[in-house]
Amino acid sequence: MLFITNLFEKFRGRINKYYLTIFIFFVMIGFIGDSTFYKHFQYYKKINELKSDIKIYQNKVKENKDKLNSLHMDNESLERFAREQFLMTKNDEELYIITP
């Protein structure tokens, strides 16, 4: 605190009150309040993360659409999917589940 008071006393006569007011205004806008530079940086970072998540989910949607189309076109793939995912069997088959 002593450093600040010494600095203020040193530049007291040289500092224009308008420049000081403008400087304080920019400090308040930039670092104090709800819309600060730090928050803008955080929002920018979050937006980039969400954009990358959107790309990942768009790829997953495309893969799932391709799987769905293949299930609609081919009965063998539909049967294999039902056996693997829902553990379905034919009437004369037995199912053994082996877990690690």
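Hydrogens, waters and symmetry mates play no part in the numbers below; they use all other heavy atoms, side chains included.
- Note: N59 CG to I54 CD1 = 12.0 Å, rounded to the nearest 0.5 Å.
- Rounding to the nearest 0.5 angstrom, the gap separating the CG atom in L71 from the CG atom in D66 is 11.0 Å.
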Test side-chain contact (heavy atoms from CB on, under 4.5 Å) applied to N75 and E79, step by step: CA-CA 6 Å; N75 286 334; E79 183 179 343; over 6 Å; no
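- Judged as a ring pair (Phe, Tyr, Trp, His ring centres under 6.0 Å), the pairs with a partner in residues 37-56 (not counting sequence neighbours) are, in order, F31-F37.
- In E49, the CD atom is crowded: over 12 heavy atoms of neighbouring residues, nucleotides or ligands sit closer than 6.0 Å.
- Between K67 and E63 there is no salt bridge, since no side-chain nitrogen of the basic residue lies less than 4.0 Å from a carboxylate oxygen of the acidic one.
- The two residues S70 and S77 make their nearest non-hydrogen contact at O-OG, 3.1 Å.
- Linking ILVMFWY residues whenever their side-chain heavy atoms come closer than 4.5 Å, directly or via other members, places L78 and F86 in the same cluster.
- In plain terms, the two heavy atoms of M88 and R83 that are nearest each other are O-CG, 3.5 Å.
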